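If you're wondering where the values come from, they're calculated on a predicted model, not measured in any experiment. Start at 1 with the first residue, then count along the sequence.
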Amino acid sequence: MNLEHLNEVQRQAVLQVDGPLMLLAGAGSGKTRTLVTKIQYLLDVKNISPFKMLAVTFSNKAAKEMRDRISKESKCDLGALQITTFHAFCSRLLRTEANYLGLTRNFSIYDTSESKSIIKSILSKRGISLKEISPNEVLYYIDGLNNIGHYVNSQHDEEEIDKDDPFYEYYLEYQSELHKSNAVDFGGLITGALKLFNTYPEVLERYQKRYEYILVDEYQDTNRAQFNLITKLAHLKKNICVVGDEDQSIYSWRGADIRNILDFETVYSDAKLIKLEQNYRSSKNIIEAATAVITHNQARKGKDMWTDNDQGDSIEVVECQDDRVEAAFIADEIKKLFKKGIDPNEIAVFYRTNAQSRVIEDSLRSTKIPYKVIAGIKFYERKEIKDILSYMKLIVNPKDSLALSRIINVPVRGIGARTLRKIEDESIKNQVSLWEMLEILVDSYDDYSFLRLSKKVQSSISRFVTLLQELKILNEKKENPSHLYEKALTESGYYESLVAEKSYESQARIENLDELLNGIKQYEMESQNPSLLEFLETITLDSSVDDEENGDYSGEVSMMTIHGAKGLEYEYVFVAGAEENVFPSFQSVDGGEDAIEEERRLFYVAMTRAMKRLYILFAQGRMLWGSIKFNGPSRFIDEIPDNYYKWTFKGKGKSTNKKKKQNFSGVDYDDEFSQVNSFEDPEHTYYVSSNNDSTFIEGEIVKHKLYGEGCIMNSEGYGQDEKVTVRFKDGVQKKFLLKFAPIERV
C-alpha cells in the first residue's frame, strides 16, 4: 500500500496499529485523510476483518463520506465494516439485544416533540402548570443525566446525582412511561447501551471480543456517556485510536466533555500520543497568529502548529464606528473581492450568535450581494421574527387574515385549528373579514352560542382582540414602532413563553427578537417621521432583493455562526463582533476561566477556517438589547501578536489607542470607550453600562411612554432580564421587561 501521499507524522499514525493511540490533529492537518488511510491499511495490509472493526463519528454525513472514500480505494470487500455514528451504533446494538432490557426489537425512538408530550402529561397529572415548570426545562435536566451516562438504578455514575431533586422524580416517571411504550429517546440510546454492558457482563464480553480495533473521530466532542461506552468496548483488546483536537472543543453546552481528551493517557497509561501539527490550509500569518491566541489556554495538551504555505497577507483588524459601519465595510470589501474575480463560494462571514446576522444581511441585501445562511435561516424568515411581525402587520392592517391566522394561537391561547375554522366559516357567512368576525364575537358572544366556544376560548379571544385594538389606537396616535413592538411582544405573552421554555433554542429566539428591536430603533434614528407602516414596508422591500437578479455573480457568500463553521474552510473569512460581552459572550465573562477558555477555542476555530485572508471586526458602539453598548474590543484581539495584523478604523471620530491595555476583570476600560456613557436621540437619552447592572429602586417615581407616571412596586432580576412592576396613577399595575420598556426616571 502506497503511503507517499502522507507526511512522516501521518505515516507514523497509520503504521501504529496495536495498543491505545491518540492523534492530536490540529486544524487543517489532514486528519480525515490520515484516518481513512489508517482504516484502509488495517483492511488491506494487516488483513483485519471488517467485522472486527468499528469506526464512530458524529454525523451521518461524515460517516457516509468516510465510508465512500474507503470503498473507492480499498481492495477489501467492506461487508460488515461499521463506520457509523454513536447513536446509530447503539440503536443497532439495542435492537439486537433488546430482550435483555425488556424491549422488543421494534422499539420506537422518540424525538424531542414526543418526549415533550410525555413531560407535559407528567406535569399535568401532578397539577403543575406549564408556566410554572416548562417541559423544556425538564427535558434539559434529563438530557444532562443522559450526557453523563446515568440511567435508572445506575451504580456507575462519576458525577453526584441529587435524587431528592423534584426533577429526578419527573425523570423516573418519564423513563417509566418510555418503557411502557416500548420506546427509547435519543440520549437513551447511549445510556441503554451502557446499562446493557454494566448489567450483563457476558454481553459486553461478546462485543469486546468482536471489536478488536476501534477508531473514534472528533473525540473532543464526546460526552461522558460516549467516553464510558467506548472505554468499555476497548477494555479487552485496547486497540483504540481516538482522533481529535482539544483546541477545537466547543460544544460543552450540549454535553461535550474536554476531560475525555485531556485524560486519555490517564485511562490508558501505555497510550502513544502522535501530534499532527502541519497545517495545509492557512497562510503562515493566520496559523501562527491563531496558535499564539490558543496558547493562552491552560486546558490543552499543547501543539506547535506550523505550515509550509506562504506567509500570506496580514490579518486585518477593523475597528468600526458602530455595527452598521461594520456591516457596510463587510459588504464593500466583498464587492472589492468580486471585482478581483474571487468566487463568492470562497467567502464567509462568521458571527458569535445567529441574532448578529440581521444587520449584516440588511447590508448584503441592499448592495445586492448574493448570500446563504449555512445551518440556519435568514433573519426575516425565522419563526419568531415572522410571528412578531405578524402582530405588527395586524396593527396597520387588521384584515390581513394570513397574519391573523398565524398568531391567533401564538403563544398558545386555546384557540386551536378547529375553533379557528368555525370562526372563519362564520366570517364567510357574514361576509366580513376574520378580524371583524372576532370583534363581533367579543361584542356579542351570546348571539353565537351555537359555535360552542368555551369560556376559556372566549376569554382568550377577548384579550387578544383588546390588545390589538389598543395597539391600533396607539399606532393611529403616531406612537413609535419600538414602543408598539414592546407592548405587542410582552403583553401578548410571546416573550414570557420563550423565557419559560429555558432551552438553547428559546434563548436563540429571544436574542433574535432583541435584534429585531435593535433594527426598529435603528430605523427610528434614521427616519424623520418613523411609522410602523413605513418600517414594515422597508423590511419587506429590502427582503425582496433576495428574489431579484443578483448582478453577474455566480455562487453565494456563506454566512454562519462560528459553531456552524467547524470543519469548513474558506479563502476569505470575516469574523464580525469581536467585542467583550459579544465574543467572548457576556455569559462566559461571568462564567469563570473554563467558560473563557471555551470562547477562546471558538475564536481559534474561527481564525483557522481562513485560508488566504482573515478580517476580524469590532464596533465601538453596538445596538444590544435596545440600546447602544460600548464594550471595547475582544481580549482575544489583544492576544494576537502585533506583527501578524494591521489595524484600521472605519467611520467618523477616531480610533482607540490599541496600546492602552484593557482591564478585562472589570467594566472600567482604560481606553476611549470609557469616555462615552450615553447615546442621545431626539426624544430620549439611553444610558448604557458595560455590565448592564442598573436597577430601579422600590418606591422610585418613573414615567412610561404609554401609561404616564407611576411608582416602582417591585424589581427582580438584573441585566437584560431585569423586570419591574409599576403602579400607575390610574391604579393600573403592570410588569415590564426593562430592556424593552420605555421607562424613564422622573
Side-chain angles (χ1 to χ4, degrees), residues 1-6 10-23 25 30-98 105 189-190 192-194 196-197 202-219 221-222 226-227 229-244 268 271-272 274:
M1 181 177 179
N2 192 344
L3 301 180
E4 290 182 1
H5 62 293
L6 303 178
Q10 290 171 337
R11 283 195 290 273
Q12 288 179 29
V14 168
L15 297 174
Q16 179 65 37
V17 170
D18 296 322
L21 170 66
M22 172 181 280
L23 296 184
K31 173 202 70 172
T32 303
R33 175 176 55 191
T34 305
L35 188 56
V36 166
T37 305
K38 185 175 182 68
I39 294 173
Q40 285 178 240
Y41 182 79
L42 288 169
L43 292 168
D44 296 343
V45 178
K46 304 303 287 186
N47 295 317
I48 306 299
S49 166
F51 184 78
K52 296 283 189 181
M53 292 175 56
L54 172 65
V56 288
T57 187
F58 277 82
S59 71
N60 290 315
K61 180 183 177 184
K64 183 179 183 303
E65 287 177 355
M66 197 179 298
R67 187 180 179 89
D68 287 347
R69 285 176 64 172
I70 293 170
S71 63
K72 286 178 184 177
E73 300 177 25
S74 178
K75 304 171 186 175
C76 179
D77 179 7
L78 298 186
L81 176 64
Q82 285 198 65
I83 301 178
T84 184
T85 66
F86 276 99
H87 292 93
F89 168 74
C90 289
S91 174
R92 184 172 179 178
L93 171 70
L94 294 184
R95 292 198 189 283
T96 303
E97 313 293 347
R105 297 190 67 172
L189 291 170
I190 310 293
L194 279 174
L196 175 70
F197 288 159
E202 68 277 14
V203 177
L204 171 60
E205 186 179 3
R206 184 164 14 109
Y207 283 92
Q208 287 174 333
K209 288 180 177 177
R210 172 179 173 177
Y211 295 118
E212 293 184 0
Y213 292 88
I214 298 174
L215 303 98
V216 185
D217 193 16
E218 302 290 0
Y219 188 65
D221 294 337
T222 53
Q226 292 159 340
F227 168 81
L229 179 69
I230 289 297
T231 302
K232 287 182 181 300
L233 278 173
H235 182 71
L236 190 62
K237 300 290 185 180
K238 291 186 171 54
N239 294 325
I240 178 171
C241 171
V242 299
V243 185
Y268 298 100
K272 185 172 181 60
I274 296 178

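In this view, R33 satisfies the side chain to side chain donor-acceptor pair (under 3.5 Å) rule with no residue, not counting sequence neighbours. Every side chain to side chain donor-acceptor pair (under 3.5 Å) that E218 has, sequence neighbours left out, goes to K31, Q220, K566. Residues meeting the salt bridge (Lys or Arg N to Asp or Glu O under 4.0 Å) test with E205, sequence neighbours left out: K209. Looking at residues two or more places apart in sequence or on another chain, you find no salt bridge (Lys or Arg N to Asp or Glu O under 4.0 Å) involving R92. Partners of A271 according to the side-chain contact (heavy atoms from CB on, under 4.5 Å) rule, which considers only residues two or more places apart in sequence or in another chain, are P20, F264, E265, Y268. V45 meets the side-chain contact (heavy atoms from CB on, under 4.5 Å) test with M1, Y41; sequence neighbours excluded. Residues satisfying the side-chain contact (heavy atoms from CB on, under 4.5 Å) criterion with K52, sequence neighbours excluded, are I48, S49, E212. Under the rule for a side chain to side chain donor-acceptor pair (under 3.5 Å), T57 has no partner lying at least two apart in sequence or in another chain. Residues forming a side-chain contact (heavy atoms from CB on, under 4.5 Å) with D68 (at least two apart in sequence, or on another chain): K64. For Y211, the ring pair (Phe, Tyr, Trp, His ring centres under 6.0 Å) partners are F89, not counting sequence neighbours. By the salt bridge (Lys or Arg N to Asp or Glu O under 4.0 Å) test, R206 is found to be paired with E97, residues two or more places apart in sequence or in another chain being considered.
The shortest heavy-atom contact between S91 and L189 is CA-CD2, 4.0 Å. Between C90 and L229, the closest heavy-atom pair is SG-CD2, 3.5 Å. Between A13 and L21 the shortest heavy-atom distance is O-CD2, 3.8 Å. Closest of all the heavy-atom pairs between M53 and L81 is CB-CD1, 3.8 Å. The heavy-atom pair separating D44 from N47 by the smallest distance is O-OD1, 3.6 Å. Considering every non-hydrogen atom in both K237 and Q208, the closest pair reads CG-O, 4.1 Å.
In this structure, CG in L194 is found 7.0 Å from NZ in K232, a value given to the nearest 0.5 Å. With rounding to the nearest 0.5 angstrom, the OG atom of S59 is 7.5 Å from the CD atom of E65. Here the CZ-CG distance, from F197 to L233, works out to 4.5 Å after rounding to the nearest 0.5 Å. Once rounded to the nearest 0.5 Å, the distance linking CD1 of I70 with OG1 of T37 reads 9.0 Å. The line from CZ of R67 to OG1 of T84 is 9.5 Å long, rounded to the nearest 0.5 Å. A distance of 12.5 Å separates NZ of K272 from SG of C241, quoted to the nearest 0.5 Å.
Using a 4.5 Å heavy-atom threshold, the side chains of I230 and V56 count as touching. No side-chain heavy atom of Y207 sits under 4.5 Å from any side-chain heavy atom of L54.
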- Verdict with supporting geometry, L3 and L15, side-chain contact (heavy atoms from CB on, under 4.5 Å): CA-CA 10 Å; L3 301 180; L15 297 174; 3.9 Å; yes

- Query: Step by step, would you call T32 with R69 a side-chain contact (heavy atoms from CB on, under 4.5 Å)?
  - Reply: CA-CA 10 Å; T32 303; R69 285 176 64 172; 3.4 Å; yes

- side-chain contact (heavy atoms from CB on, under 4.5 Å) assessment of D217 paired with M66: CA-CA 11 Å; D217 193 16; M66 197 179 298; 3.9 Å; yes

- Intermediate values then yes/no, side-chain contact (heavy atoms from CB on, under 4.5 Å), V17 and L42: CA-CA 8 Å; V17 170; L42 288 169; 3.6 Å; yes

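The backbone N or O of F51 sits less than 3.5 Å from a side-chain atom of R210, completing a donor-acceptor pair. In this structure, the side chain of Q16 engages the main chain of D18 through a donor-acceptor pair within 3.5 Å.
For K61, the NZ atom counts as loosely surrounded, since its 6.0 Å shell holds 12 or fewer non-hydrogen atoms of other residues, nucleotides or ligands.
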